[in-house]
Amino acid sequence: MSKLKFLIVSVVSLFLVSGLSSCRKNEASNTTGWEYNNATNGGFEVAPFDEQMTGPGLVLVEGGTFAMGRTEQDVMGDWDNNPRRVTVSSFYMDETEITNLNYLEYLHWIYRVFVNYTVVYSQALPDTLVWRNKLAYNEPFVDYYLRHPAYREYPVVGVSWAQASRYASWRTDRVNEMILVEQGVINLMPTPTEEGYFSTDAYLSITTDYEGNGDRRLQNIVTGEYRNVKIEDGILLPNYRLPTEAEWEFAALGLIGNSLQERVLERRIYPWNGHITRTDDNKFYGDFVGNTRRGRGDMMGVAGALNDAADITAPVYSYWPNDYGLYNMGGNVAEWVMDVYRATSSDEVNEFRPFRGTVFETKKYVGGDLERDTVGNVPLEAASDKNDYKMSRRRNYRKSDNINFVDGDWASTNGSSDSWKKLDSNSTASMYSTDIDNKKASSPLENNSLINDKTKVYKGGSWKDIQYWASPGNRRFLDADESTDYIGFRCAMVRLGAPVQGKK
């Protein structure tokens with residue numbers, strides 16, 4: 001991580017050395033008149049903060065309104081992405097797809113930490129057999145694509161939605177751990193263990209000193225004791241995650257470079273101007289701007305004049321970035337997004353930050369242990385008393401299920417009034433009879449649907465796709481545990497505060 005990116009954090013830590021006593025000196029609350037960071041009046045701590053720093057690998061995508069949905073003819077006849085106007089908040093997104101090198105770093109960390117739990121490593125491994133095809137000699141890719149340095153900067157493939165999500169969580173912990181190490185708040189753990197590796201959630205939930213704390217620069221104003229970093233300090237970054245479908249589509253179109261004042265000059269079909277995959281730049285006129293399949297049996301063109309110069313994937317910095325500075329949003333590999341697939345999402349999701357997807361969790365303490373009070377029909381993790389499940393829930397807010405219209409009223413779920421009591425992970429069972437294994441459907445062919453809560457959306461074209469799929473408005477889906485040789489991913493992060501950098 002560059003020194004520049006740590007400038008803000010360094011300033012924060014410098015102030016915190018003296019226990020915040022010099023921060024916002026002589027500033028007082030404009031509602032109570034009580035002075036901040038004063039030990040004699042209770043010691044309410046207010047840390048200095050400028051704005052959220054940009055995490056490693058990310059670029060800021062300035063948000064706004066756009067027409068989300070189909071920009072091409074619906075040649076597939078899916079009718080699952082009707083155009084509608086929505087607003088996406090500013091957020092951060094990876095400049096490129098996650099590479100083989102990035103993922104190998106993840107695998108190396110797991111391998112050396114979970115020595116006694118080899119299943120963790122095996123579950124994280126990409127499926128290299130996705131390269132195999134009937135009557136095709138792709139064994140070199142099976143054997144070498146993931147690990148050989150020749151493919152080091154190529155996008156990782158064979159990774160499922162579930163694996164990509166776990167990678168994003170791991171990345172959050174490693175980035176925040178390094179931030180704290182760089183600031184001397186904790187010591188670097190050269191040999192982390194299964195019980196002792198750094199976790200952002202665990203660190204924030206611990207009230208006593210975090211095991212492995214080093215210099216511990218943060219000092220409590222009142223007691224003088226050293227303490228852990230808190231969210232209120234503004235030092236730790238938010239979670240890395242998969243982008244939502246709306247975020248990915250908005251970022252891919254890159255309308256920031258195609259607008260004048262509040263007028264969008266041209267509703268793009270692709271992440272670039274025009275209706276073909278060649279550039280109209282005079283200097284490079286006719287060159288391909290993305291890695292897609294040109295036609296049947298044409299993966300890279302004619303020898304001596306290769307069109308996209310890539311028979312399969314290409315290095316992630318190939319071709320031109322779009323107007324947000326994002327590479328390969330219209331080719332190379334398709335990419336996982338966070339949303340659950342529903343054909344009718346375009347008619348139902350909210351117009352502000354649209355999203356249809358995973359069940360969110362509210363962290364709470366139960367019996368002294370940190371547990372998760374889930375939102376939706378998902379069991380509590382290690383709950384001490386599942387019989388009190390209903391009584392432990394808040395009821396005065398709309399639940400963030402965001403999949404099947406479940407809200408805070410127990411009786412309004414998609415089934416009987418007691419359906420909230422179900423503690424299985426298939427919260428779609430009452431809408432779609434897919435639970436054939438438990439004999440809930442009368443026969444495998446009756447009342448069955450391919451759509452369930454494990455069906456995830458992926459966006460964009462790939463080296464294996466025709467130009468049609470390079471349009472960000474198109475969408476496809478696959479089971480969260482499946483993977484292919486043409487789907488990869490990149491991470492995103494929420495932007496906190498002002499939507500534009502440098503403005504408070």
Answer with yes or no whether the side chains of Tyr111 and Thr118 bring together a donor and an acceptor at under 3.5 Å. no
Indicate yes or no for a side-chain donor-acceptor contact from [X] to the backbone of [Y] under 3.5 Å, with no hydrogens or angles considered.
| X | Y | value |
| --- | --- | --- |
| Glu51 | Gly502 | yes |
| Gln163 | Leu125 | yes |
| Asp143 | Pro140 | no |
| Thr172 | Asn239 | no |

Applying side chain to side chain donor-acceptor pair (under 3.5 Å), can you list everything that pairs with [X], at least two apart in sequence or on another chain?
| X | value |
| --- | --- |
| Arg70 | none |
| Asn176 | Thr200 |
| Thr65 | Arg85 |

Strictly by side chain to side chain donor-acceptor pair (under 3.5 Å), give each pair with a member in residues 289-303 just once, sequence neighbours left out.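 Matches after skipping sequence neighbours: Asn291-Asn332.
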Under the salt bridge (Lys or Arg N to Asp or Glu O under 4.0 Å) test, residues paired with Arg132 that sit two or more places apart: Glu139
Holding to salt bridge (Lys or Arg N to Asp or Glu O under 4.0 Å), I want the full list of residues that pass it with Arg166, two or more places apart in sequence or in another chain. none
Do the ring centers of [X] and [Y] come within less than 6.0 Å of each other?
| X | Y | result |
| --- | --- | --- |
| Tyr167 | Tyr103 | yes |
| Trp463 | Tyr486 | no |
| Trp336 | Phe489 | no |
| Tyr151 | Tyr144 | no |

Side-chain ion pair, [X] and [Y], N-O less than 4.0 Å:
| X | Y | value |
| --- | --- | --- |
| Glu351 | Arg84 | no |
| Lys459 | Glu247 | no |
| Asp339 | Lys456 | no |

[X] atom [atom1], neighbour heavy-atom count above 12 within 6.0 Å:
| X | atom1 | value |
| --- | --- | --- |
| Arg174 | CZ | yes |
| Ile231 | CD1 | no |
| Trp79 | CH2 | no |

Side chain to side chain donor-acceptor pair (under 3.5 Å) assessment of Arg268 paired with Asn273: CA-CA 6 Å; Arg268 286 176 171 167; Asn273 289 328; 2.9 Å; yes
Give the intermediate values and the outcome of side chain to side chain donor-acceptor pair (under 3.5 Å) for residues Asp347 and Thr344. CA-CA 6 Å; Asp347 302 322; Thr344 57; over 6 Å; no
Can you sort out the partners of [X] under side-chain contact (heavy atoms from CB on, under 4.5 Å), two or more places apart, ordered by chain and number?
| X | value |
| --- | --- |
| Pro192 | Trp109, Arg112, Val113, Tyr197 |
| Glu482 | Leu478, Asp479 |
| Thr71 | Arg267, Ile269, Ser471 |
| Ser345 | Arg342, Val349, Arg356, Arg475 |

With rounding to the nearest 0.5 Å, note down the distance linking CG in Leu237 to OH in Tyr92.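 Result: 8.5 Å between the selected atoms.
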Over 60° means perpendicular and under 30° means parallel, so classify the ring planes of Tyr145 and Tyr154, tilted if in between.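 Geometry flag for Tyr145 against Tyr154: perpendicular rings.
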In terms of ring plane angle, is the pair Tyr106 and Trp170 parallel, tilted or perpendicular, where the classes change at 30° and 60°? tilted
Where at least one partner belongs to residues 91-100, residue pairs that pass salt bridge (Lys or Arg N to Asp or Glu O under 4.0 Å), sequence neighbours excluded: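 Checked against salt bridge (Lys or Arg N to Asp or Glu O under 4.0 Å) - neighbours excluded - the pairs reaching residues 91-100 are Asp94-Arg171.
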Of all pairs that satisfy ring pair (Phe, Tyr, Trp, His ring centres under 6.0 Å), the ones with a partner from residues 252-275, not counting sequence neighbours: Tyr270-Trp272
Applying the side-chain contact (heavy atoms from CB on, under 4.5 Å) criterion to Arg490, which one of Leu242, Leu326, Leu58 satisfies it? Leu326
